[in-house]
Amino acid sequence: MSDYQSSFQSITDLIQGTAHSLKSKFDSFTFKLLVNGLKHEDYEAVVTSIEQLAKEKNPMAIPPLFFVYKAHPIVKAREKAWKAIEIIGDKAEVEKLTDGKETEDAVKALIQHYGNFKQN
């Protein structure tokens, strides 16, 4: 391999590593924005976040979605949150982890199992 090709390959590897790192940070930032979108009381804003989180299928979204499912003031938003949980994870597992617990304790159990989006 020529020096040029070797150097070019080194640069390409460096760029790919940097791009992957930036994409990872961007994905993490976007995920946090979506989770923060669940705080809205506006139905459309919450549903937009719920739908995107369901598409992402990141299990760390389950604890905040569960909180929306249990506590959001709009029933339709709660229903959408549960449907997203079913898309992302195992419904039976979520029910087992949260059965008989108050909302706060249930969310803590889910965070312990699935992780906390704030730690990433």
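If you're wondering where the values come from, they're calculated on a predicted model, not measured in any experiment.
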Any side-chain heavy atom of [X] within less than 4.5 Å of one from [Y]?
X	Y	value
Tyr114	Val94	yes
Tyr43	Lys80	yes
Ile85	Lys91	no
Val75	Arg78	yes

So, for [X] and [Y], which heavy atoms are closest and what is the spacing to 0.1 Å?
X	Y	value
Ile88	Ala61	CD1-CB, 4.1 Å
Val46	Ala77	CG1-CB, 4.2 Å
Ile50	Ala84	CG2-CB, 3.7 Å

Over 12 non-hydrogen atoms of neighbours within 6.0 angstrom of [atom1] in [X]:
X	atom1	value
Glu86	CD	yes
Gln112	CD	no
Lys101	NZ	yes
Phe67	CZ	no

**OP:** Look at Lys55 together with Glu51 and state whether they make a salt bridge at an N to O cut-off of under 4.0 Å.
**Re:**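 No salt bridge links Lys55 with Glu51.
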Quick one: pull up [atom1] in [X] and [atom2] in [Y] and give me the separation to the nearest 0.5 Å.
X	Y	atom1	atom2	result
Leu53	Leu34	CG	CG	5.0 Å
His113	Lys96	NE2	NZ	9.5 Å
Asp105	Leu110	CG	CG	11.0 Å
Ile87	Ile62	CD1	CD1	11.0 Å

Sub-3.5 Å donor-acceptor pair from the side chain of [X] to the main-chain atoms of [Y], do we have one?
X	Y	result
Ser49	Val35	no
Asp99	Glu95	no
His40	Asp42	no

Original post:
Is Phe66 linked to Val47 within one hydrophobic cluster, defined over Ile, Leu, Val, Met, Phe, Trp and Tyr using a side-chain heavy-atom separation of less than 4.5 Å?
Top reply: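 Phe66 does not cluster with Val47.
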Original post:
Does Met60 belong to the same Ile/Leu/Val/Met/Phe/Trp/Tyr cluster as Leu97, with side-chain heavy atoms less than 4.5 Å apart forming each link?
Top reply: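 Looking at the clustering, Leu97 is in the same group as Met60.
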Original post:
How far apart are the C-alpha atoms of Glu79 and Lys83, what are their side-chain angles, what is the distance that settles it, and do they pass the salt bridge (Lys or Arg N to Asp or Glu O under 4.0 Å) test?
Top reply: CA-CA 6 Å; Glu79 292 168 353; Lys83 287 179 184 173; 5.8 Å; no
Original post:
Given the rule in the side-chain contact (heavy atoms from CB on, under 4.5 Å) test, do Leu65 and Leu38 qualify, once you have shown the distances and angles that lead to the verdict?
Top reply: CA-CA 8 Å; Leu65 284 168; Leu38 297 174; 4.1 Å; yes
Original post:
Side chains of Glu41 and His72: do they bring a donor and an acceptor to under 3.5 Å?
Top reply: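 Distance-only check fails for Glu41 and His72.
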